[in-house]
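Have a look at the structure below, then the notes.
Just so we're on the same page: letters track the sequence lines, and every chain starts at 1. Everything numeric here is computed off the predicted structure, so don't read it as measured data. Computed over heavy atoms, backbone and side chain alike; hydrogens, waters and symmetry mates excluded.
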Number of protein chains: 2
Amino acid sequence: MSLPHAILTALLEKPSSGLELTRRFDRSIGYFWSATHQQIYRELGKLEQAGHIRALPSETPARGQKKEYEVLPAGRAELAEWTRRVEDPKPIRSALLLRLRAAAVVGTEGMADELRRHLALHQAQLDEYLGMEKRQFPPERDTEADRLRHLVLRGGIELERFWVVWLTEALEGLDGLEARDRTGP
Amino acid sequence: MSLPHAILTALLEKPSSGLELTRRFDRSIGYFWSATHQQIYRELGKLEQAGHIRALPSETPARGQKKEYEVLPAGRAELAEWTRRVEDPKPIRSALLLRLRAAAVVGTEGMADELRRHLALHQAQLDEYLGMEKRQFPPERDTEADRLRHLVLRGGIELERFWVVWLTEALEGLDGLEARDRTGP
DNA sequence: GGGTACATGTAAATAGTTACATGATTGG
DNA sequence: CCAATCATGTAACTATTTACATGTACCC
């Protein structure tokens with residue numbers, strides 16, 4: 001039940017249309033909770049029905065026309081209630097770790113290339129986060145909201161750093177194994 | 001499409017019944033791809049239909065009776081093909097990071113307690129992984145499969161370590177904010 | 001007027017969760 | 001025999017993904 005709350009947060013930061021939300025998800029909130037435009041439109045409909053958001057009055061409320069939403073008091077209350085809820089962390093799901101484990105049984109062929117590819121992707125994501133950190137959180141700004149958002153971004157940064165470090169180590173180990181396969185133990 | 005492959009891997013490591021698989025998921029593979037017994041039974045049915053696994057012959061193949069499965073060559077081939085596939089990492093989903101971001105907008109009340117609770121849970125998981133590492137990967141054992149499985153466990157360990165470090169820092173930041181709220185800036 | 005980007009949406013399929021049903025085996 | 005545990009399964013619901021449909025606005 002996180003998507004509606006992700007949307008409420010985004011809309012509180014700035015009232016937006018469905019497509020604008022989709023784009024903002026691709027750049028910021030979506031780094032921790034991604035969503036496609038179809039999910040977002042559907043969820044906007046539900047949130048509107050529930051009285052948590054409303055469409056800003058517009059001259060031409062028709063298909064193909066931009067429709068902007070803003071959060072109503074009930075939506076803000078729901079979001080606040082959500083932040084205070086007790087909710088256990090969900091176990092991570094990593095197809096890559098799973099595939100490596102499968103490779104332990106059926107062989108590591110092709111794995112090293114795939115790890116290198118993932119390493120490059122995580123390195124790129126890390127660089128992007130570091131750029132965002134520099135641009136959005138210069139040392140002088142320091143409101144409470146800024147500090148919290150910075151904390152969240154630091155989480156993203158350290159997670160990507162974890163992957164970069166782990167993948168680098170994994171590749172060293174795997175290259176060792178593959179060299180041994182080629183030359184014999 | 002990872003669950004069937006997680007099951008194939010587990011069955012290759014050791015032929016099992018549905019309930020045995022469920023328990024093994026709770027302890028090992030499930031750390032990176034969790035699943036409930038309902039998901040597992042449903043998937044076992046599909047894998048059997050697809051000819052990837054088969055039930056070991058039994059005298060009484062009835063409801064309430066244990067039914068053991070083993071992997072057929074086609075299943076092993078499918079798993080090997082999967083490990084060689086090109087597949088991008090999926091963006092992480094963390095409801096906690098999301099909730100912290102929401103708290104930046106609607107207030108941090110209750111957040112510190114929740115972070116402390118998560119910190120304790122991740123610390124416990126880390127300790128469990130470290131215990132598994134000690135028991136399952138003593139320095140002397142060093143087959144290829146062992147090294148790969150150890151690598152996967154190291155991934156789990158470092159991920160939990162990330163959470164422990166990040167949550168500790170986050171709590172320091174948050175306590176600073178809340179102290180400032182109480183005493184004024 | 002034709003293409004492209006913008007914008008919203010429907011439909012269907014897959015994946016995951018939650019609640020409940022049913023039968024076997026075993027120990028008291 | 002009854003409760004607890006083991007074991008398999010059905011059903012319904014929620015969430016997510018993928019493919020496609022439709023309409024508007026603007027530029028050439």
Side-chain angles (χ1 to χ4, degrees), chain A residues 1-8 11 15-26 29-30 32-50 53-56 58-69 82 87-95 98, chain B residues 1-8 10-11 15-26 29-50 53-56 58-69 82 87-95 98:
Chain A
M1 280 287 291
S2 297
L3 180 57
H5 301 103
I7 291 176
L8 286 173
L11 285 182
S16 308
S17 68
L19 198 58
E20 276 165 18
L21 275 179
T22 304
R23 285 204 248 277
R24 288 174 55 203
F25 264 68
D26 286 345
I29 291 213
F32 310 110
W33 205 276
S34 60
T36 61
H37 79 275
Q38 291 85 344
Q39 269 181 289
I40 288 171
Y41 283 121
R42 191 149 24 90
E43 207 60 49
L44 283 171
K46 284 192 205 167
L47 284 167
E48 190 176 20
Q49 269 214 318
I53 63 174
R54 69 161 183 186
L56 291 180
S58 144
E59 319 79 57
T60 52
R63 187 173 185 140
Q65 289 294 328
K66 192 152 97 171
K67 203 159 130 196
E68 290 218 302
Y69 291 94
W82 181 63
E87 205 174 86
D88 284 349
K90 289 221 200 126
I92 49 135
R93 291 202 155 171
S94 166
L98 208 56
Chain B
M1 280 285 294
S2 296
L3 180 57
H5 302 103
I7 291 176
L8 286 173
L11 285 181
S16 308
S17 67
L19 197 58
E20 277 166 17
L21 274 179
T22 304
R23 284 204 248 277
R24 289 174 56 204
F25 263 69
D26 286 345
I29 290 214
Y31 288 141
F32 310 111
W33 206 276
S34 60
T36 61
H37 80 275
Q38 293 85 346
Q39 268 181 289
I40 288 171
Y41 282 121
R42 188 147 30 91
E43 207 60 48
L44 283 171
K46 285 191 204 170
L47 284 167
E48 190 176 20
Q49 269 215 317
I53 63 174
R54 68 162 184 188
L56 291 179
S58 146
E59 319 79 58
T60 52
R63 187 174 185 138
Q65 288 294 328
K66 191 151 98 171
K67 201 159 131 197
E68 289 217 304
Y69 292 94
W82 181 64
E87 207 174 84
D88 284 350
K90 288 220 202 127
I92 50 135
R93 290 202 156 171
S94 166
L98 209 56

Quiz item: OP1 or OP2 of D:dT8 sitting under 4.0 Å from any side-chain N/O of B:Arg42?
Solution: no
Quiz item: Hey, mind stepping through B:Trp82 and B:Leu8 against side-chain contact (heavy atoms from CB on, under 4.5 Å) and telling me if it holds?
Solution: CA-CA 11 Å; B:Trp82 181 64; B:Leu8 286 173; over 6 Å; no
Quiz item: Under 4.0 Å: is that the gap between some side-chain N or O of B:Lys67 and OP1 or OP2 of D:dG9?
Solution: yes
Exercise. Provide, to the nearest angstrom, the distance between the OH atom belonging to B:Tyr69 and the C1' atom belonging to D:dA7.
Key: 12 Å
Quiz item: Rounded to the nearest Å, what distance is computed from the CD atom of residue B:Gln39 to the C1' atom of nucleotide D:dT14?
Solution: 13 Å
Quiz item: Quick one: B:Glu68 CD to D:dC6 P, roughly how many Å, whole number?
Solution: 16 Å
Exercise. Specify the glycosidic conformation (syn or anti) of C:dA24, with syn defined as within 90° of 0.
Key: syn
Self-check item: Under-4.0 Å side-chain N/O to phosphate OP1/OP2 contact, B:Thr36 with C:dG16
Solution: no
Quiz prompt | Candidates C:dG9, C:dA19, C:dG16 - which lies nearest the side chain of B:Gln38 | solution = C:dA19
Exercise. Specify the closest pair of heavy atoms between A:Leu11 and A:Ser16, including all atoms of both residues, with the distance to one decimal.
Key: CD2-N, 3.5 Å
Practice problem: Answer yes or no: is there a donor N or O on one side and an acceptor on the other, between the side chain of A:Ser34 and the main chain of A:Gly30, under 3.5 Å? | Solution: no
Practice problem: Could you state the atom-to-atom distance from CD of B:Glu43 to P of D:dT8 in whole Å? | Solution: 16 Å
Quiz item: Where the side chain of A:Lys66 is concerned, which of D:dT16, C:dG16, C:dT8 is the nearest nucleotide?
Solution: C:dT8
Quiz item: Quick one: A:Tyr41 OH to D:dT18 P, roughly how many Å, whole number?
Solution: 18 Å
Quiz item: For the pair made of CG in B:Leu47 and C1' in D:dT8, what is the distance, rounded to whole Å?
Solution: 16 Å
Quiz item: B:His37 or B:Arg93: which one's nearest nucleotide on DNA chain D is closer to the 5' end?
Solution: B:His37
Quiz prompt | Residue mapping more 5' on DNA chain C - nearest nucleotide basis, B:Ser34 or A:Arg23 | solution = A:Arg23
Self-check item: Beyond-backbone contact of B:Arg24 with B:Ile29, side-chain heavy atoms, under 4.5 angstrom
Solution: no
Exercise. Both distances under 3.5 Å, Watson-Crick or G-U wobble: report the partner of C:dA24, or none.
Key: none
Self-check item: Sidechain-backbone polar pair: A:Arg54 side chain, A:Glu48 backbone, donor-acceptor under 3.5 Å
Solution: no
Exercise. May I have the distance from A:Lys90 (atom NZ) to D:dA15 (atom C1'), rounded to whole angstrom?
Key: 9 Å
Quiz item: Atom NZ of B:Lys46 to atom C1' of D:dG9: distance rounded to whole Å?
Solution: 15 Å
